[in-house]
> 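Supplied in structure tokens, the structure appears directly below.
Nothing fancy with the numbering, it's 1 onward along the sequence.
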Amino acid sequence: MRWLAGAFTAACHATKATVGRILLCLSLAAIFFAALYLPPSALTDQPSYDTVGAIEGEAITVQGPLNIEVVQGRTRTILRSGSDIHVNSGRARIDLIEGGQIVVCGPAHLSVLKSVNLLTLALDTGVIHAHIEGPQPALTIYTAQIQAKPFAIGDAPQDTLVGFDQTGAMCIRADSGAVRVEQQLTAQSIVVPQAGEVLITNGQLETLRSGATHCSCELQMAKTLTPPAPQTEVSRLPTPEEMQKANTEAAKPNTAAARAPAAPPKPAAKDDPVYQVFMPPLSYDASAKVQPDYFDPQLIVLVRRVRLRPTLVFQGTVKDAPAVTKTASPAAPPTPAPQNQQAQQKNPQTSNSIFARIRAFFRSLFS
């Protein structure tokens, strides 16, 4: 009996140990699956309020805190507070997690700082164009001497351009909303109204000039096209007029193709001579400032390739030149008859002229 009691007690202890292990395994499995189904923001050590947004660009360099995500086979760089951005050339676009975007036109250098809904950009060089749809995030742009803070007018979005031109002057433009500009050393401040544009030289508000500047950095926002509403159609049999019209239109292309004139033949390619130059082997020495001429110009060969034309053969008949007919000499005018000569001598006009000369001669003697 004692032996049976001891065996029963040992069996009970073994059963309790097995149940405890099973419960432990189930607890660990539950914790593991719960960790898998947690959102990514809960898995990270850093809080999510310092995430700025995704950045894209062709020639950019990002240093500092950032995250790398792969979405549908595409790698995305997520900026976080403290990221340092270099845009070597071209443009870079930052899609903010709250909505809106910031375009950076290079060459540019800036740093990004964020705390909850406050976004700060420390701009060193380049031009940035910010477009924010809602009230968040609250954007502030810092430079070495100037602080620019855009603010919305009513429910309109904020659209602001801040940067430096080629001469180093700072340009500020408020396309939508207004911008409060403050000089960090003297605490002077002005407000750039909506649709206003100013240029600040040497960081002094006294040198402020209004008007068009040389800064440009346009947004590249994709325009969403609303699809047309589907239209319901009712099927019905075509009428005889519609069938006749369809047959007529189907026969028109064939008729037009038949009436179309044949394409003119392509002109024959001209057999122009082809020149080819053969050079001796050339060499290049990277350590030499001036490359020496190792080849002899007399070794350069110029080859001219031409095509021999076939012999020209003329076919036809040769005819004699037509005979030239002699032209008849013009007839001599008829000689006047003697009677006509006498009549001309007795012409009163001729006699009157002779008597007039004699009369004038005598008058000149006696006058």
> Any donor-acceptor pair under 3.5 Å linking the side chain of Gln183 with the backbone of Leu185?
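Here the side-chain-to-backbone pair exists.
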> Using modelled atom types and a 3.5 Å cut-off, is there a donor and acceptor pairing between side-chain atoms of Gln184 and backbone atoms of Thr143?
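Yes, the answer is positive, given that a donor and an acceptor are paired below the 3.5 Å cut-off.
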> Atom CD1 in Ile128, atom CG in Leu121: separation rounded to 0.5 Å?
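With rounding to 0.5 Å, CD1 (Ile128) is 5.0 Å from CG (Leu121).
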> Do side-chain atoms of Ser83 reach the backbone of Pro65 as a donor and acceptor pair under 3.5 angstrom?
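Side chain of Ser83 to backbone of Pro65, a donor-acceptor pair under 3.5 Å: yes, one is there.
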> Which distance, rounded to the nearest 0.5 Å, do you find between the CG of Leu119 and the CG of Leu139?
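Between atom CG of Leu119 and atom CG of Leu139 there are 5.5 Å.
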> Spell out, as yes or no, whether a donor-acceptor pair under 3.5 Å connects the side chain of Thr125 to the backbone of His109.
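The answer is yes, because a donor-acceptor pair under 3.5 Å joins these two groups.
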> Would you find a donor on one side and an acceptor on the other, under 3.5 Å apart, between the side chain of Asp165 and the backbone of Thr167?
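At least one qualifying donor-acceptor pair exists.
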> What closest approach, in Å, do Ser81 and Val52 show between heavy atoms, and which atom pair accounts for it?
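Nearest heavy atoms, Ser81 then Val52: N-CG2, 4.3 Å.
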> To the nearest 0.5 Å, what is the distance between CZ (Arg209) and CD1 (Ile200)?
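Reported to 0.5 Å precision, the distance equals 11.0 Å.
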> Is it true that Asp50 and Lys114 have a side-chain N and a carboxylate O under 4.0 angstrom from each other?
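Result for this pair is no, no salt bridge flagged.
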> Has Arg304 got a side-chain atom pairing as donor or acceptor with Gln276's backbone, closer than 3.5 angstrom?
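Side chain of Arg304 to backbone of Gln276: no pair is present.
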> Say you draw a straight line from CD of Glu206 to OG1 of Thr201; how long is it, rounded to the nearest 0.5 Å?
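If we round to the nearest 0.5 Å, Glu206:CD and Thr201:OG1 are 11.5 Å apart.
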> Glu241: what forms a side-chain contact (heavy atoms from CB on, under 4.5 Å) with it, not counting sequence neighbours?
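Listed in chain order: Thr239.
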> Sorted by first residue and then second, give each salt bridge (Lys or Arg N to Asp or Glu O under 4.0 Å) pair with at least one member in residues 52-78; sequence neighbours left out.
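For residues 52-78, and leaving out neighbouring residues, the salt bridge (Lys or Arg N to Asp or Glu O under 4.0 Å) pairs sorted by first residue read Glu56-Arg74, Glu56-Arg93.
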> For Cys171 and Leu199, which heavy atoms make the closest approach, and how far apart are they?
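Looking at all heavy atoms of both residues, the shortest contact is CB-CD1, 4.0 Å.
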> Hey, are Asn88 and His86 close enough side-chain-wise for a donor-acceptor pair under 3.5 Å?
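Their side chains do not contain a donor-acceptor pair, so the 3.5 Å distance test is not met.
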> Mind checking what makes side-chain contact (heavy atoms from CB on, under 4.5 Å) contact with Ser210, not counting sequence neighbours?
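Applying side-chain contact (heavy atoms from CB on, under 4.5 Å) to Ser210 gives none.
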> Please find the pair of heavy atoms, one from Phe151 and one from Arg180, that lie closest to each other, and give the distance.
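In terms of heavy atoms, the two residues are closest at CE2-N, 3.9 Å.
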> Between Asp175 and His131, is there a side-chain donor-acceptor contact under 3.5 Å, judged purely by atom types and distance?
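Side chains of His131 and Asp175: no pair found under 3.5 Å.
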